[in-house]
Amino acid sequence: MSLSEKQIQCIALLTLLTTGMAQKDIAEALDTTPRTIQRWQREQDFMQALQASEAGQVASQQTAKVVTEIVSNVWQGRDQLRQKELS
């Protein structure tokens, strides 16, 4: 079974919006009902896609943290070299 465009949008809203958006609000945004979203969440394909999306989101957050640390270390090293050059 392939997912519909609305199901894909629903998955995006469920995983990307970490604001605690209520199912009712998601349903309204997608012009559907909360009951439809509940039905989708009982479908294996939908839940597998949702879990994969959530895993991807966690991986993205972890990658962003590592990149931030690397950039910070590079900047600190650059600043230390500048200080040595100036002294």
Side-chain angles (χ1 to χ4, degrees):
M1 173 185 170
S2 63
L3 300 176
S4 71
E5 185 64 31
K6 281 190 180 185
Q7 287 175 313
I8 293 168
Q9 291 171 352
C10 182
I11 288 169
L13 290 172
L14 289 170
T15 57
L16 299 178
L17 296 178
T18 57
T19 60
M21 192 174 188
Q23 204 173 66
K24 180 183 105 187
D25 297 329
I26 292 171
E28 186 177 316
L30 296 174
D31 193 31
T32 191
T33 66
R35 188 172 178 119
T36 297
I37 293 174
Q38 291 168 357
R39 181 176 46 82
W40 290 342
Q41 289 176 324
R42 289 190 303 268
E43 296 174 2
Q44 185 177 0
D45 289 345
F46 183 88
M47 288 308 295
Q48 286 176 339
L50 178 61
Q51 290 168 351
S53 181
E54 288 171 345
Q57 184 70 10
V58 168
S60 293
Q61 290 171 350
Q62 291 172 341
T63 300
K65 182 179 176 182
V66 169
V67 168
T68 300
E69 289 177 19
I70 291 170
V71 169
S72 177
N73 289 339
V74 168
W75 286 347
Q76 286 176 355
R78 182 198 62 197
D79 291 342
Q80 290 173 352
L81 285 174
R82 284 186 180 162
Q83 289 298 325
K84 286 180 181 180
E85 288 175 355
L86 294 174
S87 51

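Any value given below was found using the heavy atoms of this structure, including those in side chains, with hydrogens, waters and symmetry copies removed. Bear in mind the structure is a predicted one, so any value in this text is a computation, not a measurement. Numbers here are sequence positions counted from 1.
To the nearest 0.5 angstrom, Q7 atom CD is 8.5 Å from S2 atom OG. Here the CD1-CD distance, from I11 to Q51, works out to 10.0 Å after rounding to the nearest 0.5 Å. With values rounded to the nearest 0.5 angstrom, F46 atom CZ is found 7.5 Å from L3 atom CG. From Q9, atom CD reaches atom NZ of K6 across 8.0 Å, with rounding to the nearest 0.5 Å.
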Enumerate donor-acceptor pairs with a distance under 3.5 Å from any side-chain N or O in residues 24-32 to protein atoms, sequence neighbours excluded.
unit_1, atom_1, unit_2, atom_2, d
T32, OG1, T36, OG1, 3.4

Give the table of side-chain donor-acceptor pairs shorter than 3.5 Å for residues 78-87, with sequence neighbours excluded, one pair per line with atom names and distance.
unit_1, atom_1, unit_2, atom_2, d
S87, OG, Q83, O, 3.0
S87, OG, K84, O, 3.2

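Nearest approach of M47 to Q41, heavy atoms of both residues: CG-O, 3.0 Å.
A heavy-atom distance below 4.5 Å is not found between the side chains of W40 and L14.
Residues passing the side-chain contact (heavy atoms from CB on, under 4.5 Å) test with Q44, sequence neighbours excluded: Q48.
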